[in-house]
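I have placed the structure first, in the form of structure tokens, so that the comments after it can refer back to it.
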Amino acid sequence: MFSFLNKDQATGEVTERQLDETNIPAHIAIIMDGNGRWAQQRHLPRIAGHKQGMNTVKTVAKAASHLGVKVLTLYAFSTENWSRPSTEVNYLMKLPVDFFSTFVPELIKNNIRVKVMGYVDQLPKATQKAVQDAVADTADCTGMVLNFALNYGGRAEIITAVQALAKRVQAGDLAPEAIDEAQMDRELMTGDLGDLADPDLMIRTSGEQRLSNFMLWEAAYSEFVFVQEHWPDFDQAALESAIYTYQQRHRRFGGLETTEQK
Ligand code: FPP
């Protein structure tokens with residue numbers, strides 16, 4: 001059991017709680033929202049929120065790894081984020097360069113392996129290099145996978161997977177009737193995560209309650225936890241609190257609870 005101080009989202013009341021070590025979600029995915037609002041509240045430019053958000057990524061990655069999370073997927077840049085002002089996009093493209101240049105030694109020390117999903121080949125060359133170097137430098141790490149969704153979109157991911165399956169059908173390697181969930185799973189950008197591909201817990205910060213084109217296939221049975229904190233304010237305690245909420249849920253995957261089956 002891990003003890004932590006849980007702050008009730010509605011009342012603000014702080015109570016000591018225990019996390020069940022045997023029920024830590026194996027895969028946590030986070031929609032890191034609210035960087036802009038965090039900055040605006042402080043009369044700072046939006047990019048100051050992204051910079052602070054990058055520091056939160058460091059804190060939360062280490063906390064998740066220590067708690068025994070196996071995969072942490074972070075929505076860092078969506079295929080729709082290109083429509084933001086160019087100064088903001090340029091800054092967001094520089095963040096991975098900053099992040100990995102300072103954080104890779106600590107990732108290695110914590111045995112964390114970096115993975116990226118998204119259309120990386122469309123990113124600026126320096127961003128691509130930073131990401132590819134981080135993946136290569138942490139390739140031998142056997143602990144948590146820190147999976148960045150960068151230039152990622154859930155619908156685009158599904159279309160790319162369907163195109164790959166269609167090519168195999170066209171080449172005569174696959175019968176249309178043989179297309180099933182397992183075939184799709186393998187073609188998706190999470191295919192290499194195997195049994196860990198689907199997030200058990202999906203967190204969105206900043207009070208918004210939508211999926212915004214994130215992991216549309218993989219989130220079919222995820223538990224959703226929406227928290228009020230803006231991403232730069234999210235921390236280890238907030239992560240533990242979200243996991244605690246997850247542990248109070250009863251996952252049924254479309255079936256019935258054991259007690260209901262009787
Ligand atoms: C959403 O907040 C956040 C983003 C679009 C960018 C997220 C990126 C980071 C947290 C840094 C990532 C770090 C690395 C290492 C890649 P928003 O700007 O939409 O906030 P708002 O809704 O308040 O405007």
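Everything numeric here is computed off the predicted structure, so don't read it as measured data. Order of listing sets the numbers, starting from 1, for every ligand and every atom in it.
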Quiz item: Taking distance alone, with no angle check, do W38 and ligand 1 share an N/O pair under 3.5 Å?
Solution: no
Quiz item: How close does the nearest protein non-hydrogen atom get to atom 15 (C) of ligand 1, and which residue and atom is it?
Solution: F99 CG, 3.2 Å
Practice problem: Can you measure from NZ (K115) to CG (L72) and round to the nearest 0.5 angstrom? | Solution: 13.5 Å
Exercise. Distance to 0.1 Å, residue and atom name: give those for the protein heavy atom nearest to atom 24 (O) of ligand 1.
Key: R46 NH1, 2.9 Å
Quiz prompt | Distance flag, aromatic centroids of Y119 and F77, threshold under 6.0 Å | solution = no
Quiz item: Going by the order shown, which atoms of ligand 1 are within less than 4.0 Å of some heavy atom of W231?
Solution: 10 (C)
Practice problem: Considering only non-hydrogen protein atoms, determine which one is nearest to atom 11 (C) of ligand 1 and report residue, atom name and distance to 0.1 Å. | Solution: L95 CD1, 3.6 Å
Self-check item: Within reach of ligand 1, part of L74 (heavy-atom separation under 4.0 Å)
Solution: neither
Practice problem: Show your reasoning for whether side chain to side chain donor-acceptor pair (under 3.5 Å) applies to N151 and Q122. | Solution: CA-CA 8 Å; N151 196 21; Q122 294 166 8; 3.0 Å; yes
Quiz item: For ligand 1, is any non-hydrogen atom under 4.0 Å from R84's backbone (N, CA, C, O), its side chain (CB onward), both, or neither?
Solution: side chain
Self-check item: E229/T205 under side chain to side chain donor-acceptor pair (under 3.5 Å): CA gap, chis, key distance, verdict
Solution: CA-CA 6 Å; E229 286 104 333; T205 58; over 6 Å; no
Exercise. Starting from atom 14 (C) of ligand 1, find the nearest protein heavy-atom neighbour and note its residue, name and distance.
Key: F148 CE2, 4.1 Å
Quiz prompt | Option among Y75, W231, F226, F214 that satisfies the side-chain contact (heavy atoms from CB on, under 4.5 Å) test with R204 | solution = F226
Quiz item: Do F148 and F99 have ring centroids that are under 6.0 Å from one another?
Solution: yes
Quiz item: Are any of the N or O atoms of L92 closer than 3.5 Å to those of ligand 1?
Solution: no
Quiz prompt | Close-contact set for ligand 1 against N81 heavy atoms, below 4.0 Å | solution = 5 (C)
Self-check item: Point-to-point distance, once rounded to the nearest 0.5 Å, from CG of N111 to CE of M144
Solution: 10.5 Å
Exercise. To the nearest 0.5 Å, tell me how far M117 CE sits from T190 OG1.
Key: 6.5 Å
Quiz item: What is the closest protein heavy atom to atom 3 (C) of ligand 1, and at what distance does it sit?
Solution: M32 O, 3.1 Å
Quiz prompt | Donor-acceptor side-chain pairing of E218 and H27 below 3.5 angstrom | solution = no
Quiz prompt | Q40, portion touching ligand 1 at heavy-atom distance under 4.0 Å | solution = neither
Quiz item: So is N35 polar-close to ligand 1, meaning N/O to N/O under 3.5 Å?
Solution: yes
Exercise. Check R251, R249, K70 against D200 for a salt bridge (Lys or Arg N to Asp or Glu O under 4.0 Å) and give me the one that passes.
Key: R251
Practice problem: Report yes if some N/O of R37 lies less than 3.5 Å from some N/O of ligand 1; otherwise report no. | Solution: yes
Quiz item: Quick one: nearest non-hydrogen protein atom to atom 8 (C) of ligand 1, plus distance?
Solution: A76 O, 3.7 Å
Practice problem: Would you mind checking which non-hydrogen protein atom is closest to atom 4 (C) of ligand 1, with the distance to 0.1 Å? | Solution: H50 CE1, 3.9 Å
